[in-house]
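Worksheet for the structure shown next.
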Amino acid sequence: MNGPELREIRRAFGLTQAEVARTAGMHQPDLSSIERGRELRPRMVDAIHDAMYSLVPPSVVLRRHREELRQVLTTMGARNPRVFGSVLHGTDRPGSDIDILVELPARTGLLGLAELTAAAREVVRVPVDLVPDDPRNQQALASAKAEAVAL
């Protein structure tokens, strides 16, 4: 990712250089220079990227990465991913997570769920809570299933 791509994301999220720079721990003129193409280290790209994603509600992030997230989850074996909770209801805020109900292959254990969650987090750069839609958990999942919509 380069400076102009970071600028595109910042603008799409409706953020100012000042608020992103402050959150990333840098000065606004430095961010401006980076957005105009100044070479930067990968660690700085991650800091700026993470700062931007921490300043917007996860629903905004999900709109940008919905298809990519769905593809990653299904490629890794999850089926029928559905969003529920605060992101679905529009009550999410910066720092909220994205709740996703998924059907998993029969032998998926805790490690497999952790790998799926990490892959989802890598795509959206905000906390993700994957909840297995497991027949053994039907009573506990009743409210989530009642409101969940397809990812």
Side-chain angles (χ1 to χ4, degrees), residues 1-17 19-26 31 34-35 40-151:
M1 179 164 296
N2 60 35
E5 291 170 327
L6 290 170
R7 179 179 55 229
E8 176 190 331
I9 294 169
R10 179 184 58 75
R11 287 179 174 169
F13 287 170
L15 301 170
T16 66
Q17 285 181 343
E19 58 192 342
V20 171
R22 184 175 40 258
T23 304
M26 61 190 311
L31 179 57
I34 288 167
E35 287 186 353
L40 63 163
R41 292 172 295 216
R43 187 171 45 210
M44 184 59 72
V45 170
D46 287 342
I48 295 167
H49 200 258
D50 289 345
M52 287 189 289
Y53 279 64
S54 74
L55 290 168
V56 296
S59 54
V60 173
V61 175
L62 185 59
R63 279 194 296 274
R64 182 175 179 86
H65 296 289
R66 184 180 217 95
E67 184 56 33
E68 183 183 1
L69 178 58
R70 189 193 61 71
Q71 190 171 30
V72 164
L73 291 173
T74 56
T75 298
M76 293 182 71
R79 295 178 311 279
N80 196 16
R82 291 154 285 163
V83 177
F84 67 99
S86 64
V87 169
L88 176 66
H89 296 293
T91 58
D92 59 321
R93 294 180 283 197
S96 295
D97 66 356
I98 300 173
D99 297 308
I100 303 173
L101 187 63
V102 293
E103 295 171 9
L104 299 174
R107 294 190 178 166
T108 304
L110 191 55
L111 183 57
L113 181 61
E115 289 172 348
L116 269 168
T117 302
R121 166 72 169 86
E122 185 66 27
V123 171
V124 294
R125 308 282 284 234
V126 297
V128 173
D129 187 13
L130 291 182
V131 178
D133 185 353
D134 187 319
R136 295 169 292 183
N137 301 333
Q138 291 308 307
Q139 192 158 348
L141 293 173
S143 65
K145 289 179 81 170
E147 70 178 37
V149 297
L151 182 63

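Since the model is a prediction, treat every value here as computed from it, not as a measurement.
In terms of heavy atoms, Ala24 sits closest to Ala47 at CB-O, 3.9 Å. Annotation for Arg64 and Ala12: closest pair NH1-CB, 3.9 Å, computed over non-hydrogen atoms. Counting all heavy atoms, side chain and backbone alike, Glu147 lies closest to His89 at OE1-NE2, 2.9 Å. Closest approach of Gly3 to Leu40, counting heavy atoms only: N-CD2, 4.4 Å. Looking at every heavy atom in both residues, Val126 comes nearest to Pro58 through CG2-CB, 4.2 Å. Of all heavy-atom pairs between Thr74 and Pro81, the closest is CG2-CD, 4.4 Å.
For the atom pair Asp50 CG and Arg125 CZ, the distance stands at 4.5 Å (nearest 0.5 Å). Atoms CZ and CG, on Arg82 and Leu151 in that order, are 10.5 Å from each other to the nearest 0.5 Å. One distance of note links CG of Leu15 with CG of Leu55; it measures 5.5 Å at 0.5 Å rounding. In this structure, CD on Glu68 lies 10.5 Å from CG on Leu73, to the nearest 0.5 angstrom. Summarising the geometry, atom CZ belonging to Arg7 is positioned 10.0 Å from atom CG belonging to Leu31; distances are rounded to the nearest 0.5 Å. To the nearest 0.5 Å, atom CD of residue Gln17 and atom CD of residue Glu19 are 10.5 Å apart.
Taking 4.5 Å as the limit, some side-chain heavy atom of Leu116 sits within range of a side-chain heavy atom of Leu104. A heavy-atom distance below 4.5 Å is not found between the side chains of Glu8 and Pro4. Using a 4.5 Å cut-off on side-chain heavy atoms (C-beta onward), Glu122 and Val72 make no contact. Within the 4.5 Å cutoff, the side chain of Val131 has heavy atoms near those of the Phe84 side chain. In this structure, the side chains of Leu69 and Val128 stay at 4.5 Å or more apart for every pair of heavy atoms. The closest side-chain heavy-atom distance from Arg10 to Ile48 is not below 4.5 Å. Annotation: side chain of Leu6 is in contact with side chain of Met52 (closest heavy-atom distance under 4.5 Å).
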> Would Met1 and Ile9 count as a side-chain contact (heavy atoms from CB on, under 4.5 Å) if you check the C-alpha gap in whole Å, the side-chain angles of each, and the deciding distance to 0.1 Å?
Replying inline: CA-CA 11 Å; Met1 179 164 296; Ile9 294 169; 3.8 Å; yes
> Checking side-chain contact (heavy atoms from CB on, under 4.5 Å) for the pair Val124/Tyr53: CA distance, chi angles, key distance, verdict?
Replying inline: CA-CA 8 Å; Val124 294; Tyr53 279 64; 5.7 Å; no
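Without hydrogens or angle criteria, Asp92 side chain to Ser59 main chain gives a donor-acceptor distance under 3.5 Å.
Identified under the side chain to side chain donor-acceptor pair (under 3.5 Å) test for residues 94-111, with sequence neighbours left out: Asn80-Glu103.
A salt bridge links Glu67 with Arg70: at least one charged nitrogen is closer than 4.0 Å to a carboxylate oxygen.
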